[in-house]
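These figures come from a predicted structure and were not determined experimentally.
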Amino acid sequence: MTVTQRRGRKIMMTPEELDAFLAAERTCRVATVSADGAPHVSPLWFAWDGTSLWLYSLTRSLRWAQLRRDGRVAVVVDAGHEYDELRGAELSGTVESVGEVPRTGAPHEELTAVERLFARKYFGIDELPHDGRHAWLRLTPDAVRSWDFRKLPGVRGA
């Protein structure tokens, strides 16, 4: 993973801050590109395993169709209401599907830990129920940009 930001290094999250932030936040915004180049952004739940962002997407969605055609993606996770609370991260790269499509729960070694993490985060259970409508996309980011305005000098908490 490459940190590509040159400006804003003062407000960039440390790797530990980024891991904690991505583990705690619940909704990301996934940006895809249509065949004609038009952008499309949609909200989605996700899991972060410390290396990859795992997206659990409906397989009959516009997002899924666009990512199967062109796997390039940018994902934003952000939080805060007031200016001095704003923080977030943009992760970009190419997604790949992992497991069967759609996911029915067949044993898959790569998905065991991710599905447990996702089930605990969103449902408070240890085993993810499979509905035969979703599948997994893994984004191991090529680039990460982050910000935490709480680190700005003169801002409360800094």
Side-chain angles (χ1 to χ4, degrees), residues 1-5 8 11-35 37-81 85-148:
M1 174 170 46
T2 304
V3 175
T4 59
Q5 61 193 80
I11 61 170
M12 185 173 90
M13 291 184 199
T14 66
E16 297 79 18
E17 290 169 338
L18 181 64
D19 282 343
F21 177 75
L22 293 174
E25 291 302 315
R26 295 178 56 89
T27 305
C28 67
R29 291 161 190 80
V30 179
T32 59
V33 179
S34 67
H40 175 252
V41 179
S42 58
L44 192 62
W45 284 352
F46 68 95
W48 172 251
D49 67 6
T51 303
S52 297
L53 194 75
W54 293 84
L55 306 169
Y56 197 53
S57 178
L58 285 166
T59 60
R60 298 187 81 169
S61 65
L62 177 59
R63 171 185 49 247
W64 184 270
Q66 289 176 339
L67 288 171
R68 295 306 296 155
R69 184 188 48 73
D70 182 344
R72 294 175 299 160
V73 67
V75 177
V76 171
V77 181
D78 61 342
H81 296 282
E85 300 169 343
L86 298 177
R87 58 196 172 120
E90 177 193 12
L91 299 88
S92 58
T94 303
V95 296
E96 60 181 323
S97 66
V98 178
E100 74 272 26
V101 178
R103 180 87 172 115
T104 58
H108 195 288
E109 187 175 324
E110 273 189 285
L111 295 176
T112 301
V114 170
E115 288 185 341
R116 184 174 298 117
L117 180 66
F118 192 86
R120 288 177 179 165
K121 182 176 184 177
Y122 294 103
F123 305 113
I125 58 178
D126 286 333
E127 192 170 321
L128 183 65
H130 298 97
D131 61 11
R133 300 180 321 143
H134 289 80
W136 287 104
L137 295 165
R138 175 178 47 210
L139 170 61
T140 303
D142 295 330
V144 176
R145 295 164 193 87
S146 66
W147 58 93
D148 186 344

J.: Using side-chain heavy atoms (C-beta onward) and a distance below 4.5 Å, is Leu139 in contact with Phe46?
T.: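 Result no, sub-4.5 Å side-chain heavy-atom pair not found.
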J.: Only counting residues at least two apart or in another chain, list the ones meeting side chain to side chain donor-acceptor pair (under 3.5 Å) with Thr140.
T.: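 Partners of Thr140 under the side chain to side chain donor-acceptor pair (under 3.5 Å) test: Ser52.
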J.: Where do Phe21 and Ala89 come nearest, in terms of heavy atoms and distance?
T.: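 Where Phe21 meets Ala89 most closely, the heavy atoms are CE2-N, 4.2 Å.
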J.: Not counting sequence neighbours, which residues clear side chain to side chain donor-acceptor pair (under 3.5 Å) with Arg72? List them please.
T.: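 Checked Arg72 against side chain to side chain donor-acceptor pair (under 3.5 Å); matches are Asp70.
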J.: Partners of Ala38 by side-chain contact (heavy atoms from CB on, under 4.5 Å), sequence neighbours excluded?
T.: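 Scan of Ala38 (side-chain contact (heavy atoms from CB on, under 4.5 Å), adjacent residues dropped) gives Ser34, Asp36.
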J.: Closest approach of Asp78 and Trp147, non-hydrogen atoms and distance?
T.: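 For Asp78 versus Trp147, the nearest heavy atoms are CB-CZ2, 4.3 Å.
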J.: Answer yes or no: is there a side-chain heavy-atom contact under 4.5 Å between Pro141 and Val75?
T.: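 No; the side chains remain at least 4.5 Å from each other.
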J.: Once side chain to side chain donor-acceptor pair (under 3.5 Å) is applied, do any residues pair with Ser42, and if so which ones, sequence neighbours excluded?
T.: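 Listed in chain order: Arg63.
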J.: Restricting to non-hydrogen atoms, name the atom on Gly93 and the atom on Asp142 that form the minimum distance, rounded to 0.1 Å.
T.: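 Looking at all heavy atoms of both residues, the shortest contact is CA-OD2, 3.4 Å.
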J.: Within this structure, what is the CD-CG distance for the pair Glu17 and Asp148, rounded to the nearest 0.5 Å?
T.: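 Spacing of CD (Glu17) from CG (Asp148) equals 6.0 Å.
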J.: Scan for ring-ring contact (aromatic ring centres under 6.0 Å, His included) pairs involving residues 100-121, sequence neighbours excluded, and state none if there are none.
T.: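 Applying ring-ring contact (aromatic ring centres under 6.0 Å, His included) to every pair that reaches into residues 100-121, excluding sequence neighbours, yields Tyr56-Phe118, Phe118-Tyr122, Phe118-Trp136.
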J.: For Arg120, check side chain to side chain donor-acceptor pair (under 3.5 Å) against everything at least two apart and list the hits.
T.: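 Here the qualifying residues are Asp126.
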J.: Partners of Arg133 by salt bridge (charged side-chain N to carboxylate O under 4.0 Å, His left out), sequence neighbours excluded?
T.: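 Checked Arg133 against salt bridge (charged side-chain N to carboxylate O under 4.0 Å, His left out); matches are Asp131.
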J.: Please check: side-chain N/O of Glu85 versus main-chain N/O of His81, any donor-acceptor pairing under 3.5 Å?
T.: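 Between the backbone of His81 and the side chain of Glu85 there is a qualifying donor-acceptor contact (under 3.5 Å).
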J.: Working to the nearest 0.5 Å, report the span between CG of Leu91 and SG of Cys28.
T.: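 Going from the CG atom of Leu91 to the SG atom of Cys28 covers 9.0 Å.
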J.: Please name all residues satisfying side-chain contact (heavy atoms from CB on, under 4.5 Å) with Asp19, sequence neighbours left out, ordered by chain then number.
T.: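 Partners of Asp19 by the side-chain contact (heavy atoms from CB on, under 4.5 Å) criterion, ordered by chain and then number, come out as Trp48.
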J.: About how many Å separate CG of Leu67 and CG of Leu62, when rounded to the nearest 0.5 Å?
T.: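 So the gap between those two atoms works out to 9.0 Å.
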J.: Locate the shortest heavy-atom distance separating Leu86 from Gly80; write the atom from each residue and the value.
T.: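 Result for this residue pair: CD2-O, 3.7 Å.
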J.: Keeping the roles fixed (side chain from Lys121, backbone from Glu25), state whether a donor-acceptor pair exists under 3.5 Å.
T.: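 Present.
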J.: Just so I know, are the side chains of Trp54 and Leu137 near enough to count as touching, which here means a heavy-atom distance under 4.5 Å?
T.: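 No; the side chains remain at least 4.5 Å from each other.
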J.: Mind listing the closest non-hydrogen atom pair of Ala135 and Pro102 along with its distance?
T.: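 Closest approach of Ala135 to Pro102, heavy atoms only: CB-CA, 4.3 Å.
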J.: Could you list the residues that satisfy side-chain contact (heavy atoms from CB on, under 4.5 Å) with Ala119, not counting sequence neighbours?
T.: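 Only Ile125, Leu128 meet the side-chain contact (heavy atoms from CB on, under 4.5 Å) criterion with Ala119.
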J.: Taking side chain as C-beta onward, heavy atoms only, is Met13 less than 4.5 Å from Val144?
T.: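 Sidechains of Val144 and Met13: no contact.
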J.: Looking at residues at least two apart in the chain, or sitting in another chain, which of them share a salt bridge (charged side-chain N to carboxylate O under 4.0 Å, His left out) with Glu90?
T.: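 Applying salt bridge (charged side-chain N to carboxylate O under 4.0 Å, His left out) to Glu90 gives Arg145.
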J.: Just grab all the side-chain hydrogen bond (donor to acceptor under 3.5 Å, both in side chains) pairs involving residues 97-107, residues at least two apart or on different chains.
T.: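 Of all non-adjacent pairs touching residues 97-107, those that pass side-chain hydrogen bond (donor to acceptor under 3.5 Å, both in side chains) are Arg68-Ser97, Glu100-Arg103, Glu100-Thr104, Arg103-Glu115.
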J.: Salt bridge (charged side-chain N to carboxylate O under 4.0 Å, His left out) with Arg138: which residues, sequence neighbours excluded?
T.: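 Arg138 satisfies salt bridge (charged side-chain N to carboxylate O under 4.0 Å, His left out) with Glu96, Glu110 once adjacent residues are dropped.
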J.: Which pair of non-hydrogen atoms, one from Gly99 and one from Leu111, has the smallest distance, and what is that distance?
T.: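 Shortest heavy-atom contact: CA-CD1, 3.9 Å.
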